[in-house]
Amino acid sequence: MKIVILDGYTANPGDLSWKPLKEIGELIVYDRTLPEETIERAKDAEIVLTNKVCLRRQEMEQLPKLKYIGVLATGYNVVDIDAANQHGIVVTNVPAYSTMSVAQMVFAHLLTVTNRTEHYAIENREGKWTASPDFCYWDTELTELTGKTIGIVGLGNIGSRVAQIAGTFGMKVVAYTSKKESEIPLFVEKMSLTNLLRASDVVSLHCPLAAGTHHLINRQTLHEMKPSAILINTSRGPLVNEQDVAEALNGNRLRAYCADVLSEEPPHADNPLLHNEKAFITPHTAWATKEARMRLIDVAINNVKAFINKHPQNTI
């Protein structure tokens, strides 16, 4: 049995192991695969694992041996599910492996804005504290989270974890969610999106990207937010209109924008947020803790084993 991993580098740049897959069959791991290389590399494989390399109908029609596609992620938009079903190809994903890590990144971003620890570490290396006439030194606004309101848009696994952590900071938690009030924790207040945006000191996005959520945050919805609010996006870049966010930052209608995702990745150099001093952008790393990647690979390998044993799991 031949197993091909089309883009294994981001999940495993060398600090983890694919060894259990080698025990199942012939394994070939490519760090990255260009679209025009996909068919040639996967042509003899029965099992293909992919993270961001697309497998559409046209690829599947040229891969007659393909029986299984394992997506090395939770989202599976890189695979044409209808075409896979028509060709009898099993597709699996890896759900919820990065919940803790992404929730952690939300608060890494939030604390970056409210406490500016990295800023002060750099300032100290440059002698700012040493030269201070006072015992302390600060040149940014510092904010305590206790008593502030965080609005969570989307209360799935990650949004729910963010709510829990926010509660331990003493924050008031409100949420815009399709869940019934009986299905959400008692400490979370359900609100309409407009009321949430108006009430929140922090807005954190955790909803899927769909037709109804594309550019959910735009010029109009930004006007509903407090000028002192912090907007955080660790979900999908296109949930926000980046030009509108940049204009809000520049016009002092938004305190800060924190994001681990952008509308295009890697971004163009002229993205209006990359050099904005009020924008704090990380390069899609929230999911990439070693612990999360270990879970990802473990589940992906177990998915393959379950398929081989004719009891597939985590199927789409």
Side-chain angles (χ1 to χ4, degrees), residues 10 13 15 98-152 158 161-162 164-171 200-206 217 225-237 239-240 242 245-246 248-263 265-293:
T10 50
D15 56 345
S98 63
T99 297
M100 301 301 184
S101 293
V102 176
Q104 179 177 307
M105 179 64 88
V106 170
F107 287 90
H109 270 295
L110 180 53
L111 293 171
T112 291
V113 176
T114 60
N115 292 74
R116 300 300 301 274
T117 50
E118 185 171 7
H119 165 76
Y120 287 112
I122 294 171
E123 292 275 272
N124 287 342
R125 294 184 197 121
E126 296 175 352
K128 295 294 180 67
W129 192 13
T130 302
S132 173
D134 305 307
F135 75 93
C136 59
Y137 164 80
W138 75 88
D139 62 354
T140 67
E141 179 182 354
L142 302 173
T143 304
E144 185 176 279
L145 293 178
T146 299
K148 300 295 187 296
T149 297
I150 183 171
I152 299 174
I158 297 173
R161 180 60 178 165
V162 169
Q164 292 172 353
I165 297 171
T168 65
F169 274 104
M171 301 183 77
S200 298
D201 301 293
V202 180
V203 174
S204 191
L205 305 179
H206 298 287
I217 302 299
M225 297 176 65
K226 299 177 181 180
S228 59
I230 299 166
L231 175 62
I232 304 174
N233 184 8
T234 55
S235 186
R236 292 291 183 267
L239 293 176
V240 309
E242 292 169 354
V245 169
L249 293 172
N250 293 334
N252 295 319
R253 291 184 286 106
L254 187 66
R255 178 178 174 182
Y257 179 58
C258 304
D260 189 56
V261 289
L262 289 175
S263 57
E265 298 173 346
H268 288 296
D270 62 354
N271 185 297
L273 296 170
L274 289 180
H275 304 290
N276 193 304
E277 292 183 355
K278 296 180 182 179
F280 301 83
I281 312 297
T282 47
H284 208 139
T285 56
W287 70 282
T289 63
K290 188 172 185 178
E291 292 81 1
R293 290 185 293 108

Counting only heavy atoms not in [X], do more than 12 fall under 6.0 Å of its [atom1]?
X: E277; atom1: CD; answer: no
X: Q164; atom1: CD; answer: yes
X: R236; atom1: CZ; answer: no

Can you tell me how far the [atom1] atom of [X] sits from the [atom2] atom of [Y], to the nearest 0.5 Å?
X: E141; Y: T114; atom1: CD; atom2: OG1; result: 10.0 Å
X: N124; Y: H119; atom1: CG; atom2: NE2; result: 9.0 Å
X: I165; Y: Q104; atom1: CD1; atom2: CD; result: 8.0 Å
X: I158; Y: M105; atom1: CD1; atom2: CE; result: 12.0 Å
X: F107; Y: C258; atom1: CZ; atom2: SG; result: 12.0 Å
X: I230; Y: S200; atom1: CD1; atom2: OG; result: 11.5 Å

Do [X] and [Y] have side chains that approach each other closer than 4.5 Å (heavy atoms only, starting at C-beta)?
X: V261; Y: N233; value: yes
X: L254; Y: M225; value: yes
X: W287; Y: T10; value: yes
X: T117; Y: L111; value: no
X: V240; Y: Y257; value: yes

Pair E118-T112, side chain to side chain contact (heavy atoms under 4.5 Å, CB included): steps then yes or no: CA-CA 7 Å; E118 185 171 7; T112 291; 5.9 Å; no

T234-D260 side chain donor-acceptor pair, cut-off 3.5 Å: no

Residue pair N250 / K278, side-chain donor-acceptor N/O under 3.5 Å: no

Could you pull out the closest heavy-atom pair between [X] and [Y], with the gap in Å?
X: L205; Y: S235; answer: O-CB, 3.5 Å
X: I152; Y: V162; answer: CD1-CG1, 3.9 Å
X: M171; Y: V202; answer: CE-CG2, 4.1 Å
X: Y137; Y: W129; answer: CB-CD1, 4.0 Å
X: V113; Y: R255; answer: O-NH2, 3.6 Å
X: S263; Y: E242; answer: N-OE2, 2.7 Å

Could you tell me whether the side chain of [X] and the main chain of [Y] form a donor-acceptor pair under 3.5 Å?
X: D134; Y: C136; answer: no
X: K148; Y: D201; answer: no
X: N271; Y: L273; answer: yes
X: S98; Y: S101; answer: no
X: T146; Y: F169; answer: yes
X: E265; Y: L262; answer: yes

Lys/Arg N to Asp/Glu carboxylate O, D15 vs R293, below 4.0 Å: yes

Stepwise side chain to side chain contact (heavy atoms under 4.5 Å, CB included) check, M100 with T289: CA-CA 10 Å; M100 301 301 184; T289 63; over 6 Å; no

